[in-house]
Amino acid sequence: MNHPKSDSKNTKSKTNTRENDNNTSDTNFIRQAIEEDIASNRFDGRVHTRFPPEPSGYLHIGHAKAICISFGIAEDYDGLYNLRFDDSNPITEESEYVEAIKRDVHWLGFDWGEREFYASDFFETLYEYAVKLIEKEKAYVCDLTPDEMRTYRGTLVTPGKDSPYRNRSVEENLTLFGGMRNGEFPDGSRTLRAKIDMSSPNLNMRDPVMYRILRAHHYRHGDNWCIYPTYDFTHGQSDSIEGVTHSLCDVQFEDHRPLYDWFLESLEIYQPRQIEFARLNLTYTVLGKRKLKVLVEEGHVDGWDDPRLPTLAGMRRRGYTPESIRNFCNRIGVSKADNLIEIAQLEYSIRDDLNRNAPRVMAVLNPVKVIIDNYPEGQVEMLDADNNPEDENAGTREIPFSREIYIEREDFMEDPPRKFYRLAPGREVRLKHAYYITCDNIVKDENTGEIVEIHCTYDPETRGGWSDDGRRVQGTLHWVSAEHAVNAEVRLYDSLFTEREPENAAEGADWMQFLNPNSLEVQNNCKVEPSLLDTPPESLYQFLRMGYFCVDSDTTPEKLVFNRTVPLRDSWAKIQKGQK
RNA sequence: AGGGCGGUGGCCAAGCGGUAAGGCACAGGUCUUUGGAACCUGCAUGCGUAGGUUCGAAUCCUACCCGCCCUGCCA
């Protein structure tokens with residue numbers, strides 16, 4: 001066996017706090033297999049993995065799992081990892097996707113250094129490999145049409161039968177294959193096939209196609225080729241050429257493994273080991289490039305980076321951090337069993353991260369005005385507010401307080417139910433960082449009956465939100481000074497689908513019908529504290545009591561736009577539910 | 001129906017013949033200037049089912065049941 005010399009070591013990313021990633025299970029069947037290979041010196045003790053996306057779409061959380069497994073293992077065993085674009089189908093692939101994929105993998109926190117490969121760059125070598133198999137009488141040119149080939153292949157329970165072209169001479173095959181490459185035959189008229197076993201119970205072994213004739217522009221190689229190798233004839237050989245030791249992939253490729261091995265053994269070249277694991281499934285969404293593509297192309301969402309999408313670009317825009325995604329991947333583990341991870345697991349990961357790291361800020365999403373009648377008109381006080389109670393190094397900032405403020409409309413009830421600890425007639429509550437206020441009366445719109453003003457009095461002795469007399473208030477509200485408030489748009493998201501398993505919701509049902517019509521709710525009249533002015537896109541905050549929010553790229557100097565990443569856990573909502 | 005792979009609590013997942021880790025979720029409680037966070041407690045006499053081997057079985061054996069994947073010149 002021979003394999004290429006390993007090149008330079010992976011440069012591990014320094015900027016990310018990778019050492020904080022928590023691994024709940026530090027062992028799994030893949031790591032065990034690798035440890036056995038190291039112990040037996042199977043690959044001279046090397047560990048070298050790869051992540052091989054086809055540039056035909058954007059990466060999603062399922063890819064993140066695969067990346068964390070392959071690259072994470074390589075890092076942990078002091079090995080190498082490659083990023084390889086599996087671009088052997090010119091029809092579906094585009095440069096836009098390779099750029100997006102590179103951006104997302106980097107963002108996730110992995111640096112493949114110089115080890116960026118393209119399967120299409122191996123086309124010449126692959127061609128030589130194919131010639132070699134023809135010479136060894138292990139491949140032949142077949143003239144069967146697609147329909148005929150399907151018929152000859154047999155079925156799951158019946159064997160196939162040999163192609164009438166199966167026994168062409170080496171010379172004829174060589175000539176014909178050369179002719180295929182030279183463009184002498186029309187698209188689809190012939191294929192190069194591996195000569196294996198038409199009666200194999202594994203359909204992948206029934207003389208699989210290695211090359212097809214296809215006149216299509218390749219995003220990377222233009223019109224240099226009119227024949228393209230199939231996945232099966234590309235993947236293993238690419239792994240081999242790159243010196244990969246462990247080729248980790250989806251369980252769907254399990255019954256391709258015999259073929260993977262067959263090509264490498266027949267070619268007598270270095271043979272990596274393929275190991276399969278279960279792909280990720282998430283509740284209330286769909287993963288899988290074709291489906292995501294449909295959602296994007298049919299306009300059900302607003303591009304690949306729509307914050308409702310499970311794409312890495314969408315999650316980034318939504319406010320997910322790379323750390324939270326890596327932690328999520330480590331927490332869910334690796335096995336071969338089918339799985340369906342609850343979205344709550346993902347939400348936990350981002351809350352866990354943002355709770356520790358996101359600055360606190362006050363923002364009123366659905367404002368109602370509160371007038372503090374005994375507060376001097378025109379007076380403004382600057383009050384100290386801590387930026388993050390979970391982080392003593394986060395410091396404080398000053399926020400303006402004045403006679404008229406906004407509070408959340410939901411924080412007032414004229415006739416409050418039991419356990420409602422917020423503002424109500426005659427009730428005293430604390431304004432976070434400010435004063436205790438008591439509600440005296442309310443003003444309603446004569447026509448609609450809607451509350452337009454809440455009149456309160458404040459207790460000057462409670463500045464900062466403390467009182468010396470041991471008095472305790474039940475509720476603490478967030479607020480924004482009306483005079484100083486900055487207007488903002490806030491986008492609230494709900495799950496993209498109404499069904500836990502949109503793809504398996506009902507017999508024969510189309511997953512598309514379970515799209516949630518209310519997955520996006522826009523609040524246009526939000527009031528945020530002035531410190532939020534001029535914060536750049538992707539800045540993350542906790543809006544006190546409301547959840548975690550992220551500055552959206554649609555933000556302009558005139559209009560702030562925020563995405564709600566995820567709400568805070570809300571025990572009041574639970575109580576309310578129980579009371580009904 | 002042929003082949004491959006799976007089946008441990010609501011969702012994941014350790015376990016590798018010595019008497020069921022952990023996380024999420026959920027339920028109680030403590031604390032609290034976020035009904036957040038944190039902290040404490042509870043949560044599988046049971047490991048798809050039925051037999052068998054063994055002093056002892058989720059782990060070994062046998063049979064059966066259920067689920068997923070495979071009939072592209074996609075990856």
Side-chain angles (χ1 to χ4, degrees), chain A residues 22 24-28 32 52-54 56 86-89 91-93 142 144-146 149-151 153-160 187-193 200-206 208-214 227-228 230-232 234-235 249-258 276 278 283 289-290 328 330-349 351-352 355-356 360 362 386 389-390 419-422 430-434 436 464-466 473-478 542-547 567-575:
Chain A
N22 42 355
T24 25
S25 63
D26 51 5
T27 181
N28 60 52
Q32 287 177 10
E54 184 194 18
S56 60
D86 219 338
D87 53 358
S88 57
N89 181 2
I91 292 173
T92 54
E93 300 152 5
C142 181
L144 253 26
T145 65
M149 200 178 291
R150 195 174 310 121
T151 306
R153 186 163 33 232
T155 71
L156 294 177
V157 291
T158 60
D187 284 9
S189 61
R190 294 180 215 264
T191 56
L192 183 72
R193 294 225 262 164
S200 171
N202 180 349
L203 301 233
N204 293 117
M205 300 299 272
R206 317 243 264 227
V209 170
M210 295 162 59
Y211 273 91
R212 68 271 202 181
I213 303 174
L214 187 58
I227 56 172
Y228 289 93
T230 56
Y231 163 84
D232 284 309
T234 305
H235 203 94
C249 65
D250 198 302
V251 283
Q252 71 172 126
F253 294 108
E254 225 155 10
D255 42 25
H256 288 248
R257 179 155 28 97
E276 310 84 7
T283 57
K289 256 192 294 207
R290 333 60 59 170
F328 168 77
N330 288 146
R331 260 189 279 255
I332 59 174
V334 184
S335 76
K336 301 188 71 155
D338 289 339
N339 62 79
L340 210 213
I341 309 291
E342 291 178 342
I343 197 74
Q345 186 89 243
L346 228 200
E347 294 180 341
Y348 172 82
S349 290
R351 285 195 187 106
D352 182 49
N355 174 53
R356 285 180 282 105
R360 271 60 169 174
M362 292 201 286
D386 55 338
E390 303 292 317
K419 290 188 177 174
F420 182 83
Y421 300 151
R422 286 115 92 142
R430 170 170 38 238
L431 294 177
K432 180 76 178 177
H433 304 309
Y436 291 179
W466 292 103
V473 293
Q474 286 264 49
T476 300
L477 309 186
H478 61 280
Q542 184 193 103
F543 286 3
L544 228 58
R545 301 207 301 137
M546 301 306 286
L568 254 31
R569 295 186 65 212
D570 185 357
S571 53
W572 166 241
K574 221 170 270 178
I575 292 169

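The sequence lines fix the lettering, A, B, ..., with proteins before strands; numbering per chain opens at 1.
Taking the side chain of Gln32(A) as heavy atoms from C-beta on, and the options C16(B), A13(B), C5(B), the nearest nucleotide is C16(B).
Note that CD1 of Ile332(A) and OG of Ser349(A) are 9.0 Å apart. Values are rounded to the nearest 0.5 Å.
Between the side chain of Arg360(A) and the base of U34(B), a donor-acceptor pair under 3.5 Å is found. Counting atom types as modelled, Glu254(A) pairs no side-chain N or O with a base atom of G3(B) as donor and acceptor under 3.5 Å. Side-chain N/O atoms of Arg422(A) and base N/O atoms of G35(B) include a donor-acceptor pair closer than 3.5 Å.
Both thresholds, 5.5 Å between centres and 30° between ring planes, are met by Trp572(A) relative to the base of G35(B), so the two rings are stacked.
Using Watson-Crick or G-U wobble geometry with both donor-acceptor distances under 3.5 Å, C64(B) finds its partner in G48(B). The base-pairing partner of A27(B), taking Watson-Crick or G-U wobble contacts with both distances under 3.5 Å, is U41(B). Here U53(B) sits opposite no nucleotide as a Watson-Crick or G-U wobble pair (both hydrogen-bonding atom distances under 3.5 Å). Pair check for A14(B) finds none; no Watson-Crick or G-U wobble contact set falls under 3.5 Å. In this entry G2(B) has C70(B) as its Watson-Crick or G-U wobble partner, both defining distances falling under 3.5 Å.
Residue-level contact check: Thr191(A) touches the bases, meaning some heavy atom is under 4.0 Å from a base atom. Contact annotation for Gln474(A): no contact, since no heavy-atom pair falls under 4.0 Å across all strands. If you check every strand for non-hydrogen atoms under 4.0 Å, Ser200(A) touches nothing. Residue Asn355(A) is in base contact, counting any heavy-atom pair closer than 4.0 Å across all strands shown. Here Tyr421(A) lies in heavy-atom contact (under 4.0 Å) with a base. At the heavy-atom level, Leu340(A) lies under 4.0 Å from the strands shown only through sugar-phosphate atoms. Residue-level contact check: His235(A) touches neither bases nor backbone, having no heavy atom under 4.0 Å from any strand. Among the protein residues, Glu54(A) comes within range of the sugar-phosphate backbone only, with heavy atoms under 4.0 Å from sugar or phosphate atoms but none that close to a base. Looking at heavy-atom distances under 4.0 Å, Lys289(A) makes no contact with the nucleic acid at all. Residue contacts for Tyr436(A): at a heavy-atom cut-off of 4.0 Å it reaches no nucleic acid atom on any strand shown. Within 4.0 Å of Met546(A), counting heavy atoms only, lies no atom of the nucleic acid at all. Among the heavy atoms of the strands, none lies under 4.0 Å from Pro53(A).
Atom CZ of Arg430(A) and atom P of U34(B) are 7 Å apart (whole Å). Taking atom CG on Leu214(A) and atom C1' on G72(B), their separation rounds to 13 Å, with Å as the unit. As rounded to whole Å, 16 Å separates atom P of G36(B) from atom CG of Asp352(A). Atom CZ in Arg331(A) sits about 16 Å away from atom P in A14(B), given to the nearest Å. For the pair Gln542(A) CD and A38(B) C1', the computed distance is 14 Å after rounding to whole Å. Separating the CG atom of Asn202(A) from the P atom of C70(B) is a distance of 12 Å, rounded to the nearest angstrom. Remark: P of G72(B) and CG of Asp255(A) are 13 Å apart, rounded to the nearest angstrom.
Nucleotides A20(B) and A57(B) place their P atoms 12 Å apart, quoted to the nearest Å.
For Thr191(A) and Arg212(A), the side-chain atoms include no donor-acceptor pair closer than 3.5 Å.
Arg356(A) and Asp352(A) are joined by a salt bridge, as a carboxylate oxygen and a charged side-chain nitrogen come within less than 4.0 angstrom of each other.
Phosphate contact (OP1/OP2 of G72(B), side-chain N/O of Arg150(A), threshold under 4.0 Å): present.
Checked against the 6.0 Å centroid threshold, Trp572(A) and Tyr421(A) do not count as a close aromatic pair.
Using a 90° window around 0 for the glycosidic torsion, G67(B) falls outside it and is classed as anti.
Counting heavy atoms from C-beta on, the side chains of Met546(A) and Pro567(A) never come closer than 4.5 Å.
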